[in-house]
Amino acid sequence: MPDLVLDASAIQKSYGRGDGRFDALKGVSMQVRRGESLAIIGKSGSGKSTLMHILALLDAPDAGTLAIEGVDSASLSQTDIHRLRNRDFGFVFQQFFLVPDATVLENVVLPLKIAGVGARERTERGMAALRALELDDKAKNRATALSGGQKQRAVIARALVNSPTVIFADEPTGNLDTVTGGLVEDILFDLNREQGITLVIVTHDEELAARCDRQIHLRDGLEIDAPEPTASAPSRTVASAVQEVSA
Amino acid sequence: MKTRDVIASAVQNTFRSKLRTSLTVIAIFIGAFTLTMTSAIGAGVSSFIDSQVGAIGAPGVLAVTPAPADGPVADGPAVYDPERATGGASIDGPPGMAAGGMNEADLERIAEVEGITGVSPMVSMPVDYIAAAGSQQYELPIDLASGAFIPDLAAGAAVDDRAERQVQLPADYVEALGYTDAEAAIGQPVTLGVTDAVGEHHEVGAVIAGVTNPGLLSLGAEGNQALADAVQEAQQSGITGDVAPVYLATNATIDPASTPEQIAAIKVDLLEAGFQGQTTADQIGAFKTVIDVVTGILNAFAVIALLAAGFGIVNTLLMSVQERTREIGLMKAMGMRSGKVFGLFSMEAVFIGFLGSAIGAGVAILTGLIAAPLLAEGLFAELPGLEIVRFEPLSVAVIIAVVMAIAFLAGTLPARRAARQHPIEALRYE
């Protein structure tokens, strides 16, 4: 049996109450195996981001269970959860979330700072992460002075700096042009292959999803079978439109 | 996150919005500046009064006067009581003070009070005038030196017990008597004029032993025992029979190590015997009360300014929390505990408080150091020895600490708001 990093079963999550209630997840079960790259695909509103947040312990499910490396997340203390998020998880966001007035290096070492790592070690590890992403010459620059691709590389360096077991990427190429996006994808998949870091990518981009080992399709808070895995873009749009009408 | 990193990050974050921070800092600056100034002026004036009285350092002396007849302050004029000795018409002292005099029997009764080790009556010498070689004659109120007070001398030494007749003069007599300065007057002979009971004039010679600085509580001229004896001898020539001396007040010596409780007990005993005892501290108490009230009011204004500045901090940090919502979300997503987020923002408040108070206190000290010499030469030239501002390291440190505490309290509201943010909602925040 493959080593399961994350094992979610019958996850439900809803927001709001009464008439305004919105069921984001209606019972999703899924596993993430160690060392694999997994894509969670769906349109906006499908619940894919909510699922990622729950998997990454950023949010708690209303119902269902989540096991992390075999441990039930409900049994974890706040301290354990903070430690997991800080040491074992790395985050890559579509909107980068870089601190604008801080330097690139300061941004990259933020998880280490939160972990309580000393200043010298922070700098060493931060520079190592930046070197790995060929950004070491920008270490002293302000984060705002970087181009989109450089920003996302800085974000990946930040996700990498704590040597995580899992990197969660929420639309990592969403704000990038095709060429830069492709480069960022290459970096992520290289990390997955060469360092064995488990990759969980949330995206609506079929091409990016296709590069992953496995895909999970979400629609209206439920997992569905892959619609047409290798369909071209226009037909996919038509297909999903038809599905929406029939639904 | 290590505490050192929390502090370093907070300091760094403070400078991210420079304009906003500096405006808040200015508000605190004003409060801290005022507080430092007023406390320094309060300390300066108090220490000046202490140095003026000097005798504050001689706690073993009680000034004893007859207690007012009925209660501390009688309504209307007191009823004449032939049993009570009267010291004549020339009584100086604030209204309501004892109007009676004391005779030898009274002194004995005072000496009998438990705790009193000695009694030395305050003797006023009946001197008409003082003159130096070639100078005019000047009026001179002069007392027998009691030894209870340590005079604030401009030159020379205090009069002491020796056969040579000595006087100790206030500084304003120096020029009047024709000397160039206080130093030049020391050791110079002067003549004191005395009128005896039958109206005949006598002259008594003396030597200037010391010159006292002018001040708020000037001691006036003093003479030693040899001079007092000579003056009395001159005054009593022509008198037949004994005249019982009458004293307005006497100094009673007590154990200098007496506790305030013991002193209070002695005062009660004195009151029962019909006398009122006051320590030097009591005598200058009224003065100090006025100074304390004035500085207290100024301090209250400064504290009001600081409270207003506290709301400025609340406002600044609330805006800061608002602006940095996503950053807070990010840090929490990366495993930063709520307590540390709280610490980060409250530390920022404390640092703003520190900046404002440290700069305020620093500028106040600088202003004081520049202004004090100018004031001492100008406005307060008449009061040598007055150090109008006196910065005590402890009170400056207390002011800074209090301001930082106020800032911390102000910071708790925004810091709580920051700490309570949910990472996901904070990251979604636009």
Side-chain angles (χ1 to χ4, degrees), chain A residues 13 15 24 49-60 76-103 106-119 121-122 142-144 155 158-159 161-162 164 168 170, chain B residues 1-22 316-317 319-345 347-348 351-352 415-416 418-430:
Chain A
K13 181 77 187 177
Y15 298 105
S49 291
T50 306
L51 180 60
M52 189 205 88
H53 292 154
I54 288 172
L55 291 175
L57 296 172
L58 288 168
D59 215 346
L76 294 173
S77 70
Q78 272 301 314
T79 314
D80 293 334
I81 289 174
H82 285 306
R83 182 188 297 264
L84 269 171
R85 285 213 301 255
N86 184 253
R87 307 245 166 111
D88 296 325
F89 297 165
F91 296 95
V92 176
F93 302 98
Q94 178 183 5
Q95 304 94 326
F96 315 129
F97 294 136
L98 289 165
V99 180
D101 330 80
T103 66
E106 282 165 349
N107 267 290
V108 168
V109 300
L110 189 57
L112 296 176
K113 204 172 181 182
I114 291 170
V117 175
E121 193 189 335
R122 284 208 299 261
R142 301 247 150 221
T144 36
V155 171
R158 183 177 66 191
V161 78
N162 252 352
F168 293 94
D170 190 353
Chain B
M1 205 165 182
K2 283 181 183 167
T3 311
R4 212 182 58 196
D5 286 328
V6 171
I7 296 170
S9 304
V11 170
Q12 216 175 357
N13 289 341
T14 311
F15 294 111
R16 272 162 65 173
S17 180
K18 289 189 183 66
L19 179 65
R20 206 165 56 203
T21 301
S22 28
T316 301
L317 284 183
M319 281 167 78
S320 197
V321 169
Q322 196 92 345
E323 268 173 22
R324 281 161 31 202
T325 300
R326 286 171 146 212
E327 190 186 329
I328 296 164
L330 177 74
M331 290 191 294
K332 293 194 92 171
M334 286 174 172
M336 184 142 162
R337 287 187 288 117
S338 299
K340 293 288 183 189
V341 175
F342 180 89
L344 191 60
F345 278 89
M347 194 53 74
E348 203 176 316
F351 183 69
I352 290 175
R416 247 163 65 98
R420 281 182 167 185
Q421 289 200 353
H422 194 277
I424 295 304
E425 268 141 47
L427 284 175
R428 271 203 210 108
Y429 178 85
E430 293 299 326

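Side-chain atoms are counted along with the backbone in the values below, which use heavy atoms only and exclude waters and symmetry mates. First the proteins, then the strands, lettered A, B, ... as listed; each starts at 1.
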task = Check side-chain contact (heavy atoms from CB on, under 4.5 Å) between E106(A) and all other residues, then give those that pass, not counting sequence neighbours.
result = A102(A), T103(A), Q12(B)
request  = Could you check if a side-chain atom of Q95(A) sits within less than 4.5 angstrom of a side-chain atom of R326(B), using non-hydrogen atoms only?
outcome  = yes
query = Hey, is the main chain of A333(B) close enough, under 3.5 Å, to the side chain of R85(A) for a donor-acceptor pair?
reply = yes
task = May I ask you to test the E327(B)-L98(A) pair for a side-chain heavy-atom distance under 4.5 Å?
result = no
task = Kindly determine whether V99(A) and R16(B) satisfy side chain to side chain contact (heavy atoms under 4.5 Å, CB included), including the steps that lead there.
result = CA-CA 11 Å; V99(A) 180; R16(B) 272 162 65 173; 3.8 Å; yes
query = With sequence neighbours left out, what residues match S49(A) under side-chain contact (heavy atoms from CB on, under 4.5 Å)?
reply = H53(A), D170(A), V202(A)
note = In this structure, CE of M1(B) is separated from CG of N86(A) (nearest 0.5 Å) by 11.0 Å
message = Just to verify, what does S77(A) make a side-chain contact (heavy atoms from CB on, under 4.5 Å) with, not counting sequence neighbours?
response = T79(A), D80(A)
message = For R158(A), which atoms come within 4.5 Å of any heavy atom of chain B: side chain, backbone, both, or neither?
response = side chain
key: Residue Y15(A) versus chain B: region with a heavy atom under 4.5 Å   = side chain
ask   = Which of residues 335-345 of chain B have a heavy atom under 4.5 Å from any heavy atom of chain A?
value = G335(B), M336(B), R337(B)
task = Flag the pair N162(A) / M334(B) as yes when at least one side-chain heavy-atom distance between them is below 4.5 Å, and no otherwise.
result = no
task = Could you look at F97(A) and say if it's the side chain, the backbone, both or neither that has a heavy atom under 4.5 Å from chain B?
result = both
message = Are there over 12 heavy-atom neighbours, none belonging to R20(B), within less than 6.0 Å of that residue's CZ?
response = yes
message = Looking at every heavy atom in both S9(B) and K113(A), which two are closest together, and how far apart are they?
response = OG-NZ, 2.9 Å
query = How far apart are the C-alpha atoms of L58(A) and H422(B), what are their side-chain angles, what is the distance that settles it, and do they pass the side chain to side chain contact (heavy atoms under 4.5 Å, CB included) test?
reply = CA-CA 9 Å; L58(A) 288 168; H422(B) 194 277; 5.8 Å; no
inquiry  = I want to check something: taking the side chain as every heavy atom from C-beta on, are R122(A) and D5(B) in contact at a cut-off of under 4.5 Å?
reply    = yes
message = A side-chain contact here means heavy atoms from C-beta on lying under 4.5 Å apart; do L330(B) and F93(A) qualify?
response = yes
